Amino acid sequence: MPPQPVAEAARIRVTGVVQGVGFRPFVWRLAQELQLAGWVRNDAAGVEIHAEGAGLDRFVDRLKTEAPPLARVDAVTVAAAGQAGHAGFTICDSAGGRVGTAIGHDTAPCAACLAELFDPKNRRWRHGFITCTHCGPRYTLTRHLPYDRPQTSLAPFPLCPDCAREYADPADRRFHAETTCCPNCGPQLSLLNGTGNVLAGEPIAATLALLQAGRIVAIKGLGGFHLACDARNAQAVTELRQRKQREEKPFAVMVADTEAAARHAKVGAGETALLESPERPIVLLEQLMELPGVAPALSEIGLMLPATPIQQMLFHDAPELALVMTSANPHGEPLVIGNTEALERLAGIAAAFLLHDRDIVVRCDDSVRRGTQFIRRARGYVPCAIKLPGAGPSILAVGGWFKNTVCVMRDDEAFVSQHIGDLDNAAACGFFEETVAHLLHILDVEPECVAHDLHPDFHSSRFAAGLGIPAVGVQHHHAHIAAVCAEHGIEAPVLGLALDGVGLGNDGSAWGGELLRVDGAQCERLGHLAPLGLPGGDVAAREPWRMAAAALHVLGRGDEIAQRFAAEPAAATVATMLARGLNCPPTSSAGRLFDAAAGLLDVRRRANFEGQAAMLLEGLAARHGPLAPLAGGWQIVDDQLDLRPLLAALVEAPDRQVAAALFHATLTAALVDWVVRAAQRCGITTVAVAGGCLLNRLLATGLREALPRHGLRFVTAQRLPPNDGGLSLGQAWVARLTRTRPACP
Ligand code: ZN
Ligand code: ZN
Ligand code: FE
């Protein structure tokens with residue numbers, strides 16, 4: 001873009017994330033410094049500025065380069081304007097109209113607030129609710145728009161004169177900081193015992209004492225409660241596992257800072273930046289020193305740094321602390337957010353409750369990342385919008401069944417909700433409906449159509465059918481690939497490689513290892529993995545030995561099942577079922593292929609949580625290191641990728657680590673071969689890869705490295721998880737294209 005001429009007076013428009021992030025006071029301070037006159041205001045499109053005086057060009061430059069930390073400047077356009085003879089520079093009220101950028105996301109305390117938090121001379125010394133325009137809670141405490149204090153859970157806390165003065169002073173860091181407060185006017189901390197009685201002593205010190213004595217404490221966070229215990233105390237961790245009935249699923253651990261993280265795990269430069277980022281996700285890292293019982297038998301551990309002033313105080317006072325911080329969501333139900341709710345639902349789990357009287361309005365779990373990849377997207381990232389290549393109709397998409405999220409498209413942006421969870425219980429379904437209502441409310445959207453999964457029995461699909469607006473059913477794996485296209489703004493046809501658990505296919509069977517040709521709203525199934533039976537149906541997804549039995553069956557070795565899995569009471573029955581084709585629906589799922597491999601290698605007969613067998617298999621392969629693929633390990637017949645030769649090699653494998661590495665290397669090479677052949681045939685060079693199996697690092701890295709060597713562009717999810725957490729974006733994208741670009745007859 002050529003430099004734009006700057007006149008003596010100019011009208012400047014700034015777009016991007018520029019509202020609710022301290023942008024107007026930043027403009028005001030810059031104008032003061034450069035002695036410019038004029039005004040700044042918010043309007044529906046962003047921020048508008050009228051400025052006059054010398055030094056306008058420097059002003060425009062610095063608008064871009066010195067924007068406040070939470071702002072994101074997409075464009076600054078400058079038009080010459082007439083001199084209006086303004087005296088001084090003023091901040092005007094919003095111009096009205098629909099707010100373009102909704103509500104900000106929640107962030108950890110900024111450096112300035114942290115310095116004040118631990119400065120005994122500051123009036124907010126050890127104030128657990130310190131915040132400013134550049135940091136703190138947003139999404140999780142906002143009920144309605146516009147984003148003003150009375151619309152947040154700070155409403156019951158009127159500003160004291162000192163806070164009011166800061167709030168009104170454009171030169172102050174807390175100018176229009178809607179959630180600012182201080183010890184005189186803000187919420188208060190308290191520590192309660194299991195029966196709801198206040199425990200004596202300063203709450204932070206008393207909490208620390210309990211944690212250090214091996215007790216479990218429920219701690220109120222930004223988007224919900226955590227259950228915390230000393231991660232170095234094996235007995236406390238075991239106790240928490242038993243009380244939470246979470247036998248093997250890994251726990252996340254909070255440590256003071258990156259140096260502390262580096263004592264537990266391998267932390268690279270990119271990971272340091274992620275850990276320290278204001279969004280404060282849980283980051284999966286390679287475990288160095290195993291904390292007993294925290295992430296049993298896994299190569300990775302999830303670490304995070306303190307995300308709230310309360311957590312900061314705990315770690316300031318005990319820097320050596322390592323705390324298990326697991327979501328307080330008993331029985332897989334949604335996260336606990338209310339004080340009374342916590343005392344009820346966490347009774348019998350937590351010995352004490354570190355509470356405060358600032359309500360959590362929106363339930364929001366911790367986000368989980370591994371490098372650039374999202375595994376769960378929630379606190380810190382919601383409701384940041386994904387920019388779309390163009391504007392279109394407003395759409396609601398309701399996601400799938402597992403790891404549900406919902407998505408609202410408005411104009412040229414997509415808003416994907418926080419992780420809601422599996423819709424397998426009434427409470428989760430309630431949370432789902434709440435989230436739909438809240439997202440539509442804060443975005444001020446009335447959708448003109450709703451997109452859903454093809455499966456009619458999902459709560460989300462039934463909900464969509466009941467809305468009374470046009471509904472668009474989108475095939476599960478089409479949606480997975482479309483999510484990648486939406487995120488990258490790809491409107492041209494792509495090859496889609498969906499490597500997933502299970503989703504309902506167009507033919508009514510269980511798909512999950514699919515090669516698709518996706519052209520916007522059109523999707524053609526080019527090929528799939530050779531199917532395996534699911535002995536007993538859904539139960540096979542939880543019992544990898546059943547998938548191993550199905551593999552033996554397709555290898556013509558069904559007579560070995562009963563003996564090989566003699567320890568399984570159902571082994572003989574399963575062998576008979578497979579032989580007779582009874583209750584063994586076929587699936588092309590890639591996830592189940594991983595289970596079959598894990599079962600054949602006896603890595604895991606029964607999975608304790610979803611993906612466990614595949615994770616353990618990946619761990620074995622990673623420990624072994626890279627290996628050449630098995631020659632002749634696959635065949636491609638009629639566009640079906642058949643891995644029977646590889647499975648046969650696993651049956652006889654003498655060494656599990658070698659076999660696990662061989663499985664990963666051969667599967668990756670086979671997929672690349674399959675995709676390359678299809679790409680040559682259809683003349684498409686972009687390959688969108690998605691599905692839950694992409695969380696497997698060896699597979700994802702293998703494909704990412706190999707496809708470009710064949711002249712193909714590899715694209716995958718970056719701002720959303722590749723698993724069902726991203727489904728709603730893809731559904732919305734397909735529905736929007738269906739509305740704006742109707743399918744050819
Ligand atoms: Zn701050
Ligand atoms: Zn105050
Ligand atoms: Fe899926």
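No hydrogens, no waters, no symmetry mates; every other heavy atom, side chains included, goes into these values. Quick note: residue numbers are just sequence positions, from 1. All values reported here derive from a predicted model rather than from experimental measurement. Whatever order the structure lists them in is the order used to number ligands and atoms, beginning at 1.
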Atoms (protein N, O or S; no water) under 2.8 Å from the Zn ion (ligand 2): 4
Once rounded to 10 degrees, what value does the angle at the Fe ion (ligand 3) take between NE2 (His480) and NE2 (His476)? 100°
Aromatic contact between Phe463 and Phe432, with the criterion being ring centroids under 6.0 Å apart: yes or no? yes
Qualifying residues under side chain to side chain contact (heavy atoms under 4.5 Å, CB included), relative to Ile360, sequence neighbours excluded: Lys220, Ile337
Vertex the Fe ion (ligand 3): angle to OD1 of Asp724 and OD1 of Asp500, to 10°? 110°
Cut-off 3.5 Å, side chains only: do His480 and Asp724 have a donor facing an acceptor? yes
If we ignore angles and hydrogens, is there a donor and acceptor under 3.5 Å between the side chains of Asn404 and His419? no
If we count only N and O atoms by modelled type, under 3.5 Å, do the side chains of Asn696 and His664 hold a donor and an acceptor together? yes
Side chains of Glu276 and Thr258 only: does a donor on one sit below 3.5 Å from an acceptor on the other? yes
Under 2.8 Å from the Zn ion (ligand 1), the protein N, O or S atoms, given as residue and atom: Cys110 SG, Cys113 SG, Cys132 SG, Cys135 SG
By side chain to side chain contact (heavy atoms under 4.5 Å, CB included), Leu616 pairs with (sequence neighbours left out) Ala297, Leu298, Val603, Arg604, Gln612
Show the numbers, then the answer: is there a salt bridge (Lys or Arg N to Asp or Glu O under 4.0 Å) between Glu116 and Arg126? CA-CA 8 Å; Glu116 292 173 353; Arg126 297 186 71 86; over 6 Å; no
Report yes or no: does Ser728 contribute a side-chain atom to a donor-acceptor pair with the main-chain N or O of Val398 at less than 3.5 Å? no
Examine distances only and state if a side-chain atom of Arg143 and a backbone atom of Pro150 form a donor-acceptor pair shorter than 3.5 Å. no
